[in-house]
Amino acid sequence: MSGREDEADAAAGKPSGNLALFDLDHTLIPFDSGTAWIRFLMRHGRLPADAEERHLAFCRLYVAGTLDIHAMHRSNMQPLLPVPRATLAQWQREFEVDMAPRIPASSLAVVERHRANGDLCAIVTATTELIAWPIARLFGIDELVATRPATVDGLPDAAFTGEIDGEPCFRHHKVSRVTEWLARRPPGLGNRLADFAQSWFYSDAMSDLPLLAAVSHPVAVSPDDRLRAHALRAGWPILDWGAAAFIETTASHLPASGGGG
């Protein structure tokens with residue numbers, strides 16, 4: 001296909017045959033979305049005074065590599081269990097408005113470059129869907145692979161139980177969760193990672209190495225020390241959202257304008 005045909009397909013919104021996956025915290029956004037959610041709720045008097053400190057204690061375990069994500073999920077969800085789902089949905093809408101000014105223009109531009117190219121875009125995050133969906137909407141991303149809060153009897157609109165539904169979208173489970181998500185897509189639209197001509201995964205954390213290794217274009221974003229060292233050894237691009245001239249210095253690692261390659 002010619003470059004002009006690629007450009008016409010992108011303009012018409014046709015799929016490119018490429019896949020772009022994005023981690024959320026410290027990748028698309030330069031902060032922890034869970035902490036932002038808790039601080040948002042605390043400002044409105046919706047959480048107990050010790051909620052942030054309890055959450056940060058789990059964050060320290062994550063940095064140490066000893067986090068029990070199930071325990072973290074239970075702790076963060078417990079104060080929300082009595083809240084009606086309709087009320088939680090309203091709080092999500094308010095949180096989305098609150099987060100809008102904090103979304104970096106540089107990361108918005110990278111996502112938009114992929115979207116304009118017709119790439120299938122998804123956020124893949126250990127963060128619970130409750131928190132991740134409002135931020136995904138701010139990026140214009142309609143596909144989310146995140147940790148799912150379990151509901152009573154597995155009913156979609158039922159009350160939350162405080163547990164995780166299935167496997168958390170965390171560490172090596174990110175690969176299996178992406179595999180499951182792709183398999184549920186309509187036949188012929190990319191049901192395996194291998195079906196995509198090119199695939200990207202942007203992440204900041206060494207814990208995401210299994211999914212980074214599974215795509216054709218792994219990208220380390222403001223990476224932790226271990227991932228930075230690994231990326232340097234492997235020759236992977238390393239991006240820093242705060243770097244000057246971000247788009248210009250990383251354009252070679254993005255899909256070509258109007259191209260499917």
Could you check if a side-chain atom of [X] sits within less than 4.5 angstrom of a side-chain atom of [Y], using non-hydrogen atoms only?
X: W91; Y: L80; answer: yes
X: P168; Y: H73; answer: no
X: F22; Y: I141; answer: yes
X: R148; Y: R177; answer: yes
X: S107; Y: F139; answer: yes

Shortest non-hydrogen separation from [X] to [Y] and the atoms involved:
X: F95; Y: F40; answer: N-CZ, 3.6 Å
X: V178; Y: V145; answer: N-CG1, 4.3 Å
X: T125; Y: C169; answer: O-CB, 3.3 Å
X: P79; Y: P48; answer: CB-CD, 4.3 Å
X: G140; Y: R115; answer: O-NE, 3.2 Å
X: P223; Y: R228; answer: CD-NH2, 3.3 Å

Checklist outcome for this item: With sequence neighbours left out, the residues meeting side chain to side chain contact (heavy atoms under 4.5 Å, CB included) with R102 are F31, A36, M99

Item to check | Counterpart residues, side chain to side chain contact (heavy atoms under 4.5 Å, CB included), relative to L209 (two or more places apart) | outcome: M206, H230, W236

Are any side-chain N or O atoms of [X] and backbone N or O atoms of [Y], one a donor and one an acceptor, separated by less than 3.5 Å?
X: S75; Y: A71; value: no
X: D204; Y: S222; value: no
X: S207; Y: R171; value: no
X: S176; Y: H173; value: yes
X: R85; Y: A158; value: yes
X: Q92; Y: L130; value: yes
X: N191; Y: L182; value: yes
X: D119; Y: C121; value: no
X: D208; Y: L211; value: no

Item to check | Ion pair D195/R192, N-O distance below 4.0 Å | outcome: yes

Item to check | Proximity of H114 and Y202 rings by center, below 6.0 Å | outcome: yes

Are [Y] and [X] connected into the same hydrophobic cluster when the rule is that any two of I, L, V, M, F, W, Y join if their side-chain heavy atoms are below 4.5 Å apart?
X: L239; Y: V215; answer: no
X: L120; Y: L28; answer: no
X: W133; Y: L108; answer: yes
X: L212; Y: V221; answer: no
X: F201; Y: F196; answer: yes

Sequence neighbours excluded - salt bridge (charged side-chain N to carboxylate O under 4.0 Å, His left out) pairs with any residue from [range]:
range: residues 131-147; value: E96-R137
range: residues 70-80; value: R74-E163
range: residues 17-44; value: D23-K174, R39-E52, R43-D98

Distance in Å, [X] [atom1] paired with [Y] [atom2], rounded so as to fall on 0.5 Å steps:
X: L61; Y: T66; atom1: CG; atom2: OG1; answer: 4.5 Å
X: R54; Y: C59; atom1: CZ; atom2: SG; answer: 12.5 Å
X: N76; Y: I131; atom1: CG; atom2: CD1; answer: 6.5 Å
X: L24; Y: S33; atom1: CG; atom2: OG; answer: 4.5 Å
X: M42; Y: T35; atom1: CE; atom2: OG1; answer: 11.0 Å
X: F170; Y: T147; atom1: CZ; atom2: OG1; answer: 8.5 Å

Checklist entry - After noting the C-alpha distance and the side-chain angles of L88 and F160, does the key distance pass the side-chain contact (heavy atoms from CB on, under 4.5 Å) rule? => result CA-CA 11 Å; L88 286 173; F160 293 122; 3.7 Å; yes

Item to check | Enclosure of R185 CZ (heavy-atom neighbours >12, cutoff 6.0 Å) | outcome: yes

Checklist entry - Where do T128 and I164 land on the side-chain contact (heavy atoms from CB on, under 4.5 Å) test, with the steps shown first? => result CA-CA 9 Å; T128 176; I164 291 173; over 6 Å; no

Enumerate donor-acceptor pairs with a distance under 3.5 Å from any side-chain N or O in residues 150-157 to protein atoms, sequence neighbours excluded.
from : atom 1 : to   : atom 2 : distance (Å)
T151 : OG1    : L155 : N      : 3.3
T151 : OG1    : L155 : O      : 2.6

